[in-house]
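Just below is one structure, and these are the notes that go with it.
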Amino acid sequence: MTIAFRDETFRDDYTFRNSPHAIRRFPFPFHEDRYMYAVNIEPHALPGPKGSVVEFAFDVDEHYVSEMRDRELVLRQDPLRCQALPHMMAAQWDLLELIMTSFARDYPEHFSLERDGERWHWVNRPLGIDQRFVFGDALTLPYEPMEYVTRQAQGDWVIVDQRDGNLWMDAGMVTTQADWSLDFDIGMNFFEWHGPVPLAHELGVFERALKYLMQVRVGSPVRRLNWTMTINPLLDTAPERYPVWGPDRTTVTPDNVGHKAHLRVELQSFWRLPRSNALLFPIRCYLIKLEELVTVPKWARRLPRVLKSLPQELVDYKGLTRYRDTAVAWLSRYDDGAPTSPGGGPD
Amino acid sequence: MAVRPQSIKVRVAEVVPVTPLVKRFRFVPLAGGLLPAFSGGAHTVVEMHDGAVVRRNPYSLMGSPDELDSYQISVRKVEDSRGGSVFMHERVKAGDEMAVSPPVNLFAIAWDARKHLLLAGGIGITPFVSQMIQLDRSEMPFELHYCIRNDDRGPYWRDLQQRYGRRVQVHRAESGLGMDVEALLVMQPLGTHLFVCGPGPMIEGVYATARGLGWPEENLHSERFQAPATGAAFDVVLRRSSKRVHVGTHESLLEAIEAADVEAPYLCRGGACGQCETGVLACDGRLIHNDHYLSAEERAAGRKIMPCVSRFEGRELVLDL
């Protein structure tokens, strides 16, 4: 199916919107009327439900072209959003191969890949790219392989090296992050980069998650959803840019909250990269305005209930402190008190 | 929850005698096309259907990670074992259909190492064959020391010397390693990672020497080939599945659990990786720990067992499965 790519912005005039189709397929993360951390990982079994964001290995949607334009703006401002330690070159090629072969297989009307041994020919029609290069020879591409391919793939991409019984954040392209910094985290291990998360350490969540992730196998990826909220449809909420976007949290009023406040959901998946044995961690960000979200009655009932019952530590950690009550008050007008069905999808 | 991946149906394309005790097997996918890519040092688990008994033994993938139309493994025949290697040697012929697992790597290249120092004993050469292909291609410095009994007993040493020249040193000795490990280790540049694959005593000896010289633990890597021990038969109760399972003399606890259709996670099937760690709910008798994973304190506590290699002796064992 051909995707109609929107022309929109994630900064300045913020023209980002979701089409009704994009709203229906939004990965609503709450499967019940409350939320607490859990090791909520499941197999990324492919193909997933038709039309859903997990139908294919990596989702390409109506925001693709505009998101890639936004990434280029971020990188121009701050090239350190993309970094790879020298020992990650084999993993970079693994990533390029995985994205190109997946896109060409899953979206043949938009992407194509021809391979003649090491000589590859890549065509990306939405972005107008036609590139011939030698697989394994970084000098035949305009950027290193990870940067080249992730300038053409939505979401953030982190590659972690597996060694010494731990995972190490040794490469990544990170421009659509929920307030964390690759430049700060690069070289850290799994426990170090999760250091700031409240409550979960005490629950033993990270020990179990690490053990699970280290055994992810070639061809058997897994996935989970994570969430937070963002004021204005800003993809790049980096700590480096906090002075630019942090104050937006003080601008929320009962009149504008439905338009300004967004639920921000991350579809995270985990892949064993076959030739480097590294682990790939794509983090794909989906934004939805509260006024878009309440067009689905089940979500309109559930979200205010979840936000109301959220532990204060999580409210603070997710940065919702200043506007949670305003959002709950606005959302509650759409909650008629009826019971909700289990699971996250619309009824 | 661990995901047990689908096994891959393959046909035995070729069985080649390499030495009097070692045969090489080449598998091609029944469905055609390519097999999943792998990294240097990875293994596959081969399923053997020997009458009613299903054995799953891990073997290093020793082909090139760039040629995925087939997988290759080498099997050394061990007469007094549980029978996996004897089955491969005596029963498996070209044309047979078998099943193998997708690749898993528990002996991966250290991409951040300044140099790889590889020590192989006998059939322990197999994981290094694919590692060296990747190291060579990535232009990473490496040096292999390969200990064999004599020229006829060491698989592949001629090919490897031909391919890598002076980077491959062969040491011949009817007993012991035939080389001075300490002299070798003291002359290594800082940042070298040591990889050892061979019999248990070889690994322990090399580790002791390295530790004595102050090598950091993070720079020591090993893979041992350990078949699950045989022993007296016993019964086990799986509480969550409400099943009582009999474990025969020549099968492992893990194999008996699998035969009872109870899902149990695993990776190495050699007592090293920790994936199959299982809670012991009750134990009236003695746990026989044969793994290299549980700490001395954990063994003393008696609350955990690694069913891939460990066993039980006594009246009743109840597991959290």
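Just so it is clear, the values below take in all heavy atoms, side chains as well, and ignore hydrogens, waters and symmetry mates. Chain letters run A, B, ... following the sequence lines, proteins first and then strands; every chain starts at 1.
- Aromatic rings of Phe30(A) and Phe28(A) (six-membered ring for Trp) have centroids within the 6.0 Å cut-off, being under it.
- Looking only at heavy-atom pairs under 4.5 Å with chain B, the residue among Arg163(A), Met88(A), Arg272(A) that has the most is Arg163(A).
- Interface remark: Arg275(A) contributes backbone and side-chain atoms alike to the contact with chain B (heavy atom separation under 4.5 Å).
- Using a 4.5 Å cut-off between heavy atoms, Leu68(B) touches chain A through its side chain atoms alone.
- Test Phe111(A), Trp157(A), Tyr148(A) against Ile99(A) for side-chain contact (heavy atoms from CB on, under 4.5 Å) and you get one pass: Trp157(A).
- For a residue to count as touching a neighbouring chain, one of its non-hydrogen atoms must lie under 4.5 Å from one of that chain's; by this rule Asp164(A) touches chain B with the side chain only.
- No side-chain heavy atom of Glu266(A) sits under 4.5 Å from any side-chain heavy atom of Arg284(A).
- If you check the side chains of Ser276(A) and Asp94(A), you find a donor sitting under 3.5 Å from an acceptor.
- For Gln134(B), the part sitting under 4.5 Å from any heavy atom of chain A is the side chain, from C-beta outward, and nothing else.
- No close placement of the Phe107(B) and His221(B) rings is indicated, their centers lying 6.0 Å or farther apart.
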